[in-house]
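The next block holds one structure in the form of structure tokens; read it before the comments.
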Amino acid sequence: MQSFIAAMPNLKLSRNSHLPFVFKPKLVPASIDDPIKLLKKAADTKNLRTGKTIHAHLIVSGEPSKSVDIFQANSLINLYAKCDQVSIARHLFDCLPKRNVVSWSALMAGYLHNGMALEVLGLFKTMVSVDGLCPNEYIFATIFSSCSGSGRVEEGKQCHGYVLKSGLLSYEYVKNALVHMYSSCSEVESAMRVLNTVPGGDILSYNSVINGLLEHGHVREAMEMLGMMVSQCMDWDSVTYITVFGLCARLKDLRLGLQVHGQMLKNDIKCDVFLSSAMIDMYGKCGKVSNAANVFDRLQERNIVSWTAIMAAYFQNGYFEDALGVLSKMGNEDILPNEYTFAVLLNSSAGLSALRQGDLLHTCVEKSGFKDYVIVGNALINMYSKCGNIQAANEVFLDMTCRDSVTWNAMISGFSHHGLGKEALNVFQDMLAAGECPNSITFVGVLSACASLGLVQEGFYYLNQLMKQIGIEPGLEHHTCIVGLLSRSGQLDQAEKYMRTMPVKWDIVAWRTLLNACHVHRNYGLGKQVAEVVVRMDPNDVGTYTLLSNMYAKSRRWDGVVKIRKLMRERNIKKEPGVSWVEIRNTTHIFVSDDNMHPESSQIHEKVGELLAKIKPLGYVPDIAAVLHDVEDEQKEDYLSYHSEKLAIAYGLMKTPTNAPIRVIKNLRICDDCHAAVKLISKVTNRLIIVRDANRFHQFQDGRCSCADYW
DNA sequence: AGGTCCTCGG
């Protein structure tokens, strides 16, 4: 095998490995009985070192005059292909004087495993047209799989015809691969036709079809398929369990999930990293974090996917700190995050509005080279947007080389939440120009943008014309946007009429939108009626009582205020205290209205007094009507000064450089008085102040707010 | 001597 040996480029063992065996003969038996068998074993266990040693042995012991042993050559190609050394496999292949079908199939499988599906299709053409070889069932299994990987259904369909005529479709491997090709290329009908009309086939085909259905959102059909599979009494393999757990996760069907878990234990299925991750995911999506943590804690073997799955389970159930905490535990075991991990971490930071944490993660993303993954870019946009830094979100957006619909939606709704309707609509225009198809989420952002700009006609145009054209059925959330749109422009009666006449099953969010509008437009008559509806829908919602009591107070109906307080006492509803927080360097400072817990409390109060004195000449009048009537008049102003957001902003002004923006997060809606005060504070201090309240973002700058006094 | 299915984000 002389030419073959000479062609072998990478034979010298890696720098830190042992010297070639000729100097250490005891490492390898003097003669190898069955090198083919050993090479197969090395390939199957991905043991490149052993494989190379055997290769070396073959070179040294080979008779120079002997011609190439095709069996040995194929085994070597297989070895390097399996060990992710495709270029070496290719080199050996190219140097072969003669190749057979096995040589081709081994090499093709190597390319396929390295994600180079198109290369496989090219090889196939050469094999047939140049070498004139006849493809067999092995080749077609690989070809169909390559078609799945590259989305080349047309080539796959031609091969489908061939395997049908030649009878190769009777091989289960071929049939499974074909079914999988159709399933993954969203031709599920064809997949089911092959599955049902060609005799034979096994559990793998069912796995493929159910997965294909799930991936394209046909959950009901996937469930039906599961039923058919169960009725055929097939033995499930571990992929079936993974598939069915995926189905449970999608349906959030905990009962089925537990049942399948039980069956899995009974049947003594080996739980590998794939299966355990699917289980963690299922429990997470079904809201059972404790079960997910249980599965995770018992794992013998964990990989990055297991870690990301448990992290995601915490995140999806609102345990953002726990999700972030997983990162350091991972670090202890020297596991490095990947793009999915970063996406979960960034979204957890977004959930906490932890800008500092998000910034740190952004740095890690840049350093570790994951910044160009779409899911990471999307998560960065989401994080910056939810943490109140919409400019940074936009920078990430503009910097992205590859965008998907989630990217566009994140930017549109980000601008909308920040009250930047114009920017949101511009991004929407760019999205259309870029050829990205909007979906129903896009239109929620677009309609909210119309609302914040008061573009009533445009809003209706998007709802009735454009959405129809694209084929998106308006849902509850779109109709709610219309309620907001009408309300915002002051057409409260129209909004109320829209809710009364449209055949929509309105939820509490829609009613609250109308209620808010009544509050902002001081239409307390309608407001009180709407509030009654909201209270009936959720008797425990503190916000509604607060709003209602506020409306009574503003219309000086103290009897109403008393009534509401009595109602709240009876129903044992406690008023949630106002809490605001602000991040200064590495620390989050928390302020609760009316308390003096902060160590610098007296300086802060002094600062608030100073600020209020500065803005009074600009027209600030404390809104004492908003304060409950049983408080002494001279105390009312004090009450207002100690609102948590005022304390947090004052502290931010004390502790940050003069040009730094201040970001405050508040648990409740910002009150009228604070809103008016902060506008003027932004003017006298010349600062950008961003407040995220329970509903939205307020960007205060130069005496104005991005919400245009509507929130 | 060679081949197929699967887990983590919105």
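Below, chains carry the letters A, B, ... as their sequence lines are ordered, and counting in each starts from 1.
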Please table the atom pairs, donor to acceptor, closer than 3.5 Å between any side-chain atom in residues 111-124 of chain A and protein atoms at least two apart or in another chain.
unit_1	atom_1	unit_2	atom_2	d
A:Tyr111	OH	A:Arg90	NH1	3.0
A:His113	ND1	A:Ala109	O	3.4
A:Asn114	ND2	A:Gly110	O	2.9

**Message:** Without decimals, in angstroms, what is the distance between A:Ile210 CD1 and B:dT4 C1'?
**Reply:** 16 Å

**Message:** Rounded to whole Å, how long is the line connecting atom CD1 of A:Ile77 with atom P of B:dG3?
**Reply:** 13 Å

**Value in whole Å for how far the C1' atom of B:dG3 lies from CG of A:Leu107** = 14 Å

**Message:** Over all strands shown, is A:Val376 touching base, sugar-phosphate only, or nothing at heavy-atom distances under 4.0 angstrom?
**Reply:** nothing

**Residues which pass salt bridge (Lys or Arg N to Asp or Glu O under 4.0 Å) with A:Asp84, listed by chain and number, not counting sequence neighbours** = A:Lys46

**Request:** State which residues pass side-chain hydrogen bond (donor to acceptor under 3.5 Å, both in side chains) with A:Ser238; sequence neighbours excluded, sorted by chain then number.
**Result:** none

**Prompt:** Is the base of B:dG2 touched by the side chain of A:Ser105 through a donor-acceptor pair closer than 3.5 angstrom?
**Reply:** yes

**Prompt:** Applying salt bridge (Lys or Arg N to Asp or Glu O under 4.0 Å), which residue pairs with at least one partner in residues 234-246 of chain A are found, sequence neighbours left out?
**Reply:** none

**Item:** pi-stack flag for A:Tyr173 and B:dG3, centroid dist under 5.5 Å, interplanar under 30°
**Value:** no

**Residue pairs fulfilling salt bridge (Lys or Arg N to Asp or Glu O under 4.0 Å) with at least one residue in residues 267-278 of chain A, sequence neighbours excluded** = none

**Message:** Looking at A:Leu195, is its backbone amide N or carbonyl O close enough to the side chain of A:Lys175 to form a donor-acceptor pair, meaning the two atoms are under 3.5 Å apart?
**Reply:** yes

**Prompt:** For the pair made of CE in A:Met108 and P in B:dG3, what is the distance, rounded to whole Å?
**Reply:** 12 Å

**Asked** Any side-chain N or O of A:Asn78 less than 4.0 Å from the OP1 or OP2 oxygen of B:dG2?
**Response** yes

**Request:** Could you check whether A:Ala109 gets within reach of a base, just the sugar-phosphate, or nothing at all, counting any heavy atom under 4.0 Å?
**Result:** sugar-phosphate

**Request:** Assign a letter to each nucleotide of nucleotides 5-10 of chain B from its 5' end: B, base within under 4.0 Å of a protein heavy atom; S, sugar-phosphate only; -, no contact.
**Result:** BBBBBB

**Request:** Take the protein atom CD1 of A:Ile203 and the nucleotide atom C1' of B:dT4, then report the distance between them rounded to whole Å.
**Result:** 14 Å

**Prompt:** Tell me: CG of A:Asn100 to P of B:dA1, nearest whole Å?
**Reply:** 12 Å

**Request:** Starting at atom OH of A:Tyr111, determine the distance to atom C1' of B:dG2, rounded to an integer number of angstrom.
**Result:** 16 Å

**Asked** OP1, OP2 of B:dA1 versus side-chain N and O of A:Lys37: anything below 4.0 Å?
**Response** no

**Whole-Å distance separating the CG atom of A:Leu123 from the C1' atom of B:dG2** = 14 Å

**Asked** Donor-acceptor pair, A:Asn317 side chain versus A:Ala313 backbone, under 3.5 Å?
**Response** yes

